[in-house]
4 protein chains.
Amino acid sequence: MKRVVSFRFMSDETPGPRGAARIHQAAREVLAGRGYSALTMEAVAAAAGVGKSTIYRWWPNKEALLADALAEVFKGEEIPDLGDTRAELRRAVDMTMDNYADAGLAIALPALAADLARHPELLARFREVFLWRKRGNIAAALHRGVDRGDLPATLDTDLIQDLWAGTIMYRRLMTGGPLDDDLAERLVQLAFKV
Amino acid sequence: MKRVVSFRFMSDETPGPRGAARIHQAAREVLAGRGYSALTMEAVAAAAGVGKSTIYRWWPNKEALLADALAEVFKGEEIPDLGDTRAELRRAVDMTMDNYADAGLAIALPALAADLARHPELLARFREVFLWRKRGNIAAALHRGVDRGDLPATLDTDLIQDLWAGTIMYRRLMTGGPLDDDLAERLVQLAFKV
Amino acid sequence: MKRVVSFRFMSDETPGPRGAARIHQAAREVLAGRGYSALTMEAVAAAAGVGKSTIYRWWPNKEALLADALAEVFKGEEIPDLGDTRAELRRAVDMTMDNYADAGLAIALPALAADLARHPELLARFREVFLWRKRGNIAAALHRGVDRGDLPATLDTDLIQDLWAGTIMYRRLMTGGPLDDDLAERLVQLAFKV
Amino acid sequence: MKRVVSFRFMSDETPGPRGAARIHQAAREVLAGRGYSALTMEAVAAAAGVGKSTIYRWWPNKEALLADALAEVFKGEEIPDLGDTRAELRRAVDMTMDNYADAGLAIALPALAADLARHPELLARFREVFLWRKRGNIAAALHRGVDRGDLPATLDTDLIQDLWAGTIMYRRLMTGGPLDDDLAERLVQLAFKV
DNA sequence: ATGTAATCGAGACGGTACGTCAGGTCTTACC
DNA sequence: GGTAAGACCTGACGTACCGTCTCGATTACAT
């Protein structure tokens with residue numbers, strides 16, 4: 001299983017602060033412990049034991065920092081070839097559900113997406129990190145399923161992933177419905193029918 | 001067709017300010033015109049030509065005001081019995097897509113949901129207005145389809161609606177993918193297969 | 001005896017904050033108690049039990065606030081006609097020495113003058129409050145002395161006042177020399193000889 | 001004519017950085033060109049093409065550096081015996097006026113004096129460099145005048161120097177009055193009358 | 001028609017967080 | 001080993017909004 005590759009949201013590709021890990025960690029802790037609205041730069045700085053200016057030297061704003069911090073724990077790794085389409089799809093769905101099981105990510109991601117309206121230059125990178133990378137990996141698994149003849153050749157890999165991720169995010173964010181085994185199984189089955 | 005029933009997010013059930021309509025309107029205008037992050041109480045008050053205290057007299061906070069303002073334009077009305085299951089479902093999907101076609105609603109709803117973490121007492125009302133009311137109406141249409149024998153008796157009306165709304169919201173918010181006729185048609189077909 | 005007229009350094013002639021007196025007082029206390037370099041807006045706000053924004057609402061910057069605060073305690077009132085030139089001049093000198101006896105004023109005035117290089121629009125008002133008003137009153141006493149024939153008709157009222165105030169400020173600020181009766185008497189005698 | 005002796009304000013008596021002259025020069029240039037409030041250590045370091053730490057290795061703080069930089073151009077040399085008391089005194093007054101003719105020195109000296117409240121250990125050295133050294137030299141000239149019988153034996157050499165320097169500084173800093181030939185002449189005459 | 005009360009606009013107020021800047025300390029790499 | 005570069009923590013800056021509040025002025029209803 002490949003390790004999660006962190007992605008820089010910082011303006012240029014400069015290496016980052018010595019305490020980058022500590023700062024990311026602090027951001028996630030504040031988010032998890034006190035909620036999105038309490039996630040202030042000053043709180044993060046204090047939690048990380050770092051000066052505010054150190055954060056601002058390396059990230060242009062809160063959104064960029066948060067995106068980086070979340071990217072580190074966002075799961076989007078490759079699905080290994082298990083020889084079993086159903087099992088692979090289940091792993092893909094679980095990966096998405098894992099991401100949204102974390103209350104921090106679940107709430108922060110859409111809020112972040114909303115805030116990114118202010119920072120359009122970050123939007124593309126945001127999507128790259130939180131969407132395309134994961135989607136590519138899942139698409140690979142779907143294609144293997146098609147190649148094996150398990151899935152219909154007409155399968156729309158984008159649509160199925162929108163169905164998966166959308167439903168999971170929607171339940172977590174809006175309805176508060178369960179993110180359980182049953183849902184996972186039904187979502188997997190969708191791929192065979194769509 | 002039933003008219004959109006506005007719902008009070010205000011603390012008590014008092015009728016509201018004289019300029020409620022103007023204030024709601026102003027809130028939506030600021031949201032549409034300058035984005036979610038520029039949606040400050042002061043901006044709304046200024047845009048409505050109203051004192052800040054007038055707003056705070058009637059709504060306890062920004063979230064409640066915004067929820068009210070959005071509820072006014074959020075579509076969730078009953079689906080009339082058209083005698084044609086497919087047509088009714090299409091209408092249900094279109095209703096959801098209409099809601100998310102508006103950039104304001106699309107971005108504001110998840111952000112609002114995130115902010116509501118701070119105001120748990122509003123969360124239940126939020127869900128009532130933006131979820132259950134609409135869902136009840138759509139469920140009625142789905143049940144007619146089951147009764148007609150067009151839809152499987154095992155249909156999970158909650159799941160199908162999560163699939164619909166989730167996918168639409170996800171496309172709008174995250175992937176930026178198209179919300180078009182093709183998507184609507186595919187979502188409708190889902191109901192016949194799930 | 002005329003009362004010391006406070007002078008607004010605020011941009012426009014608006015009446016000022018409700019807590020103006022408290023804020024001025026706090027500024028002088030911080031200055032006297034912790035020195036010029038500790039005179040921060042935040043310290044003044046805290047000492048006055050006031051939000052920073054209240055201060056910034058009424059004074060554009062630290063210099064303007066300090067000028068106002070000092071103007072309130074700066075002595076520059078009229079010298080009453082005592083019928084005795086020597087006594088009147090002594091009173092004038094004492095007035096200046098009183099101003100510089102206060103450690104706050106003594107250190108703050110030149111520092112303020114230096115800082116005003118950044119705020120040229122305040123410089124004219126600064127001079128009006130801390131110079132011309134007092135000088136006019138002292139000049140009146142000097143002219144009475146000339147009229148009585150006690151002082152030479154050629155007396156340069158500007159020069160004598162520069163000598164007085166300059167010497168006093170210089171001793172206080174630079175040499176640390178005594179500001180005592182002896183000095184006062186010698187300065188008074190200067191006027192009869194210059 | 002003796003050369004101006006620079007004085008170390010640095011903590012220990014170590015000889016100083018390789019680029020001491022360049023750093024002093026840079027400090028004075030920044031002061032003259034952009035004013036006292038723009039005289040930051042970073043600006044000086046940049047102007048001198050030197051790392052900040054190099055400055056801090058040799059001077060404990062901004063005040064010490066500035067004092068050193070100004071000491072280099074502050075005039076306080078011996079007054080040669082010209083055989084003419086009036087001429088010698090005029091030279092003494094001119095020396096002081098030269099010091100204050102420079103806008104940098106004029107504004108910086110009092111501001112520096114005010115800032116030295118934070119660094120009492122520097123205050124004595126400050127006075128030595130900018131006061132006593134010059135005063136001793138001028139006092140020598142005054143004593144020659146007394147010996148020649150030109151000046152009264154009761155002359156208070158401290159007072160006359162306070163009058164001179166105080167008046168000049170006061171005009172420059174506070175009133176903005178002229179520092180011209182006429183003032184110089186009148187100050188010289190004071191010595192004969194006080 | 002007028003007095004009383006609710007509502008309103010305006011905006012001052014005590015605060016919190018923003019994003020910036022400079023001071024002064026420390027580390028790294030070069031010469 | 002002194003130096004240039006610059007990361008780092010600290011703390012103040014001046015700004016924007018928050019949510020509370022007080023203040024007349026305007027309404028609207030009750031007499």
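Just so you know, these numbers use all the heavy atoms, side chains as well, and skip hydrogens, waters and symmetry mates. Just so it is clear: chains get the letters A, B, ... in the order the sequence lines come, proteins before strands, and each one is counted from 1.
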Q: Can you sort out the partners of A:N61 under side chain to side chain donor-acceptor pair (under 3.5 Å), two or more places apart, ordered by chain and number?
A: A:H119
Q.
Output the rounded distance in Å from CD (B:E63) to C1' (F:dG19).
A. 12 Å
Q. Among residues 29-53 of chain C, which residues get a heavy atom nearer than 4.0 Å to DNA chain F?
A. C:T40, C:M41, C:E42, C:K52
(Q) Could you tell me how far apart A:I23 (CD1) and F:dA7 (C1') are, to the nearest whole angstrom? (A) 11 Å
**Q.** Nucleotide E:dG23, atom P - distance to CH2 of D:W59 in whole Å
**A.** 15 Å
Q) Tell me, do D:L65 and D:M41 make a side-chain contact under 4.5 Å, heavy atoms counted? A) yes
Q.
If I take atom CH2 from residue A:W59 and atom OG1 from residue A:T54, how far apart are they, to the nearest 0.5 angstrom?
A. 9.5 Å
Q. CG of D:L39 to CZ of D:R28: how many Å apart, nearest 0.5 Å?
A. 11.5 Å
**Q.** Length of the CG-C1' vector between A:N61 and F:dA16, whole Å
**A.** 17 Å
Q. Should C:W58 be listed as having a side-chain N or O under 4.0 Å from OP1 or OP2 of E:dC13?
A. yes
Q.
When you measure from the side-chain N and O atoms of D:R57 to the phosphate of F:dG2, is any distance below 4.0 Å, counting only OP1 and OP2?
A. no
Q. Side chain to side chain donor-acceptor pair (under 3.5 Å) with C:K52: which residues, sequence neighbours excluded?
A. C:E42
Q.
It should be established whether D:Y56 places a side-chain nitrogen or oxygen under 4.0 Å from OP1 or OP2 of nucleotide E:dT25.
A. no
Q: Round to the nearest Å and state the distance from D:I55 atom CD1 to E:dT25 atom P.
A: 13 Å
Q) Between B:H119 (NE2) and F:dC18 (P), how many Å, whole number? A) 12 Å
Q | Any B:T54 side-chain N or O less than 4.0 Å from OP1/OP2 of E:dG9 | A | yes
Q: State, to 0.1 Å, how close B:L173 and B:I107 come at their nearest heavy-atom pair, and which atoms those are.
A: CD1-CA, 4.5 Å
